[in-house]
Amino acid sequence: MIIFIKAEDISHYVEHQRKNGVKIGFVPTMGSLHEGHMSLINKSNTEHEITICSIFVNPTQFNNSNDFNTYPKNIEADIKLLEFANCDVLFLPENEEIYPAHFEKKYYDLGYLDQILEGKFRPGHFQGVCMVVERLLNIIQCDTLYLGQKDYQQCMVIQKLLSLMQSPIKLQIEPTVREKSGLAMSSRNKRLAKEEAILALEIYNTLLFIKENIKDQSLDTLKNNATATLSAKGFTVDYIEITDRFLHPVLSLDTHTQFVVLVAATINTVRLIDNMIG
Ligand code: AMP
């Protein structure tokens with residue numbers, strides 16, 4: 001695996017590959033890699049000649065400095081995992097490579113996506129996500145960008161970003177990889193104590209319960225009961241929401257409506273998100 005530290009170097013490399021007609025898949029991450037990330041690498045590997053992974057813990061998308069400072073880091077293990085998965089290239093930039101002195105911040109008009117769910121509870125988060133992804137895509141001109149459904153709203157935001165950028169890059173969304181228990185894999189799970197990890201399973205159970213009972217109970221009753229149950233177990237619940245596939249709230253469902261159930265809840269200091277589509 002080739003490791004690039006400098007933006008200029010990886011840009012030249014990618015340009016050279018593209019001139020030779022090589023197709024490139026790109027998996028941006030914040031490191032502390034797990035099987036969820038690896039599923040994206042594997043998928044890209046099957047569909048492209050070259051797979052590039054980036055690891056950069058992006059400060060501009062953290063609205064909570066404690067969350068940024070405690071974000072798990074494990075670069076040596078990450079490199080081993082990427083090599084094991086036959087990732088071709090790792091981009092491992094320092095902050096100055098992504099945000100050089102001349103970098104100009106701009107505002108991304110994400111419409112309602114910036115106001116709801118994660119946008120509401122993490123003000124500025126998606127502006128920071130767009131900032132880093134646009135910068136990464138300018139450095140790495142890939143054919144396909146691979147993202148995980150685990151961050152459902154982020155996928156929609158990036159789709160919007162690609163249209164704002166008038167970019168030809170294809171967005172490929174891959175299913176959420178879960179522990180055997182059902183807990184969605186997440187780098188933040190590493191911050192959970194053993195008993196907290198067991199408790200975190202309640203998020204998955206809640207999603208499953210709502211999905212299985214969605215046709216039989218009113219959506220408000222489902223959401224209110226689920227919020228009360230999680231709160232009683234010690235979670236601080238930011239939201240439990242049922243929406244259509246575009247994240248518009250739904251008040252009732254007919255048998256044909258496709259829906260997404262989304263949860264964000266904190267155990268002690270660890271904030272977890274998950275979703276399920278149906
Ligand atoms: P992160 O490092 O958390 O910023 O995630 C990098 C990419 O991996 C994002 O596109 C995430 O949606 C994706 N991802 C994170 N966790 C999972 C998971 N459990 N299953 C599938 N994709 C995931």
Side-chain angles (χ1 to χ4, degrees), residues 29-30 32-40 61-64 66-67 70-72 113 116-122 125-126 129 147-157 173-245 247 249-250 253 258-278:
T29 80
M30 297 206 296
S32 200
L33 302 177
H34 49 69
E35 282 174 44
H37 299 112
M38 289 308 126
S39 73
L40 305 179
Q61 73 186 68
F62 284 83
N63 56 320
N64 175 330
N66 186 50
D67 190 24
T70 57
Y71 198 84
L113 288 174
I116 57 166
L117 305 170
E118 293 301 287
K120 180 172 161 191
F121 283 92
R122 300 185 68 187
H125 168 63
F126 286 129
V129 168
L147 300 179
Q149 185 210 311
K150 159 82 170 43
D151 299 277
Y152 190 96
Q153 191 173 3
Q154 176 169 274
C155 293
M156 297 209 44
V157 163
I173 299 167
E174 290 298 309
T176 302
V177 177
R178 298 178 180 280
E179 305 282 357
K180 277 200 190 78
S181 62
L183 178 66
M185 291 196 179
S186 163
S187 304
R188 287 187 176 86
N189 291 355
K190 293 180 182 146
R191 291 183 50 213
L192 295 170
K194 206 173 169 195
E195 59 279 11
E196 291 171 335
I198 293 168
L199 187 59
L201 250 187
E202 293 300 326
I203 293 179
Y204 172 70
N205 292 336
T206 299
L207 289 170
L208 211 55
F209 181 83
I210 293 178
K211 186 176 169 178
E212 282 169 0
N213 291 279
I214 206 155
K215 301 279 155 67
D216 307 325
Q217 294 184 31
S218 93
L219 301 188
D220 270 346
T221 306
L222 278 171
K223 287 192 282 185
N224 291 339
N225 288 349
T227 305
T229 307
L230 283 184
S231 303
K233 290 190 165 156
F235 289 84
T236 305
V237 180
D238 280 353
Y239 59 80
I240 296 179
E241 205 44 81
I242 302 169
T243 70
D244 68 13
R245 292 290 178 97
L247 294 179
V250 285
L253 283 177
Q258 295 191 308
F259 61 87
V260 191
V261 191
L262 307 105
V263 176
T266 303
I267 307 171
N268 296 328
T269 58
V270 185
R271 187 174 182 278
L272 300 172
I273 59 169
D274 197 356
N275 66 79
M276 216 172 259
I277 53 183

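The two residues Y152 and N275 come nearest to each other via the heavy atoms CB-ND2, 3.6 Å. The two residues V250 and L219 make their nearest non-hydrogen contact at O-CD1, 3.5 Å. Closest of all the heavy-atom pairs between A226 and T206 is CB-CG2, 3.6 Å. Scanning all heavy atoms of the two residues, the minimum distance from F235 to A265 falls at CD2-CB, 3.8 Å. The two atoms that bring N213 and L222 nearest to each other are O-CD1, 3.8 Å, heavy atoms only.
Partners of Y71 by ring pair (Phe, Tyr, Trp, His ring centres under 6.0 Å), not counting sequence neighbours, listed by chain and number: F62. In this view, H125 satisfies the ring pair (Phe, Tyr, Trp, His ring centres under 6.0 Å) rule with no residue, not counting sequence neighbours. Among residues two or more places apart in sequence or in another chain, the side chain to side chain contact (heavy atoms under 4.5 Å, CB included) test is passed with N268 by E196. For N63, the side chain to side chain donor-acceptor pair (under 3.5 Å) partners two or more places apart in sequence, or in a different chain, are R122. Shown here are the side chain to side chain contact (heavy atoms under 4.5 Å, CB included) partners of N66, two or more places apart in sequence or in another chain: N64, T70. In this view, K150 and T176, A184, S186, I273 satisfy the side chain to side chain contact (heavy atoms under 4.5 Å, CB included) rule, not counting sequence neighbours. When the side chain to side chain donor-acceptor pair (under 3.5 Å) test is applied to Q154, no partner is found at least two apart in sequence or on another chain. In terms of the salt bridge (charged side-chain N to carboxylate O under 4.0 Å, His left out) criterion, D244 has no residue partners (sequence neighbours excluded). With sequence neighbours excluded, the residues forming a side chain to side chain contact (heavy atoms under 4.5 Å, CB included) with I173 are Q149, C155, L171, listed by chain and number.
Listed by first then second residue, pairs satisfying salt bridge (charged side-chain N to carboxylate O under 4.0 Å, His left out) with a partner in residues 178-187 read R178-D274, not counting sequence neighbours. For residues 225-241, the set of pairs meeting the side chain to side chain donor-acceptor pair (under 3.5 Å) definition, not counting sequence neighbours, comprises E118-Y239, E202-K233, K223-E241, D238-R271. Within the structure, every pair that satisfies the salt bridge (charged side-chain N to carboxylate O under 4.0 Å, His left out) test and touches residues 181-194, not counting sequence neighbours, is listed here: D67-R188, D67-R191.
Rounding to the nearest 0.5 Å gives a distance of 11.0 Å between CD1 of I210 and OG1 of T221. The structure places OG1 of T266 at 7.5 Å from CG of L272, a figure rounded to the nearest 0.5 Å. Here the CD1-CG distance, from I267 to L192, works out to 5.5 Å after rounding to the nearest 0.5 Å. Note that the CD1 atom of I203 and the CE atom of M276 stand 11.0 Å from one another [nearest 0.5 Å]. Atoms CG and CG, on L247 and L117 in that order, are 6.0 Å from each other to the nearest 0.5 Å. Distance check: T29 OG1 to H34 NE2 gives 9.0 Å after rounding to the nearest 0.5 Å.
By the 4.5 Å heavy-atom criterion applied to side chains, F126 and L113 are not counted as neighbours.
Listed for the Q153 side chain is a donor-acceptor partner under 3.5 Å among the backbone atoms of I116. A distance-only check finds a donor-acceptor pair linking the side chain of S187 to the backbone of S32 [under 3.5 Å].
Results of the side chain to side chain contact (heavy atoms under 4.5 Å, CB included) test with I240 over L230, L207, N224, L262 single out L230 as the only residue that passes.
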When you look at Q258 and I277, which way does the side-chain contact (heavy atoms from CB on, under 4.5 Å) test go after all the steps? CA-CA 7 Å; Q258 295 191 308; I277 53 183; over 6 Å; no
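With a 6.0 Å radius and a threshold of 12 heavy atoms from other residues, nucleotides or ligands, E35 has its CD atom at or below the threshold.
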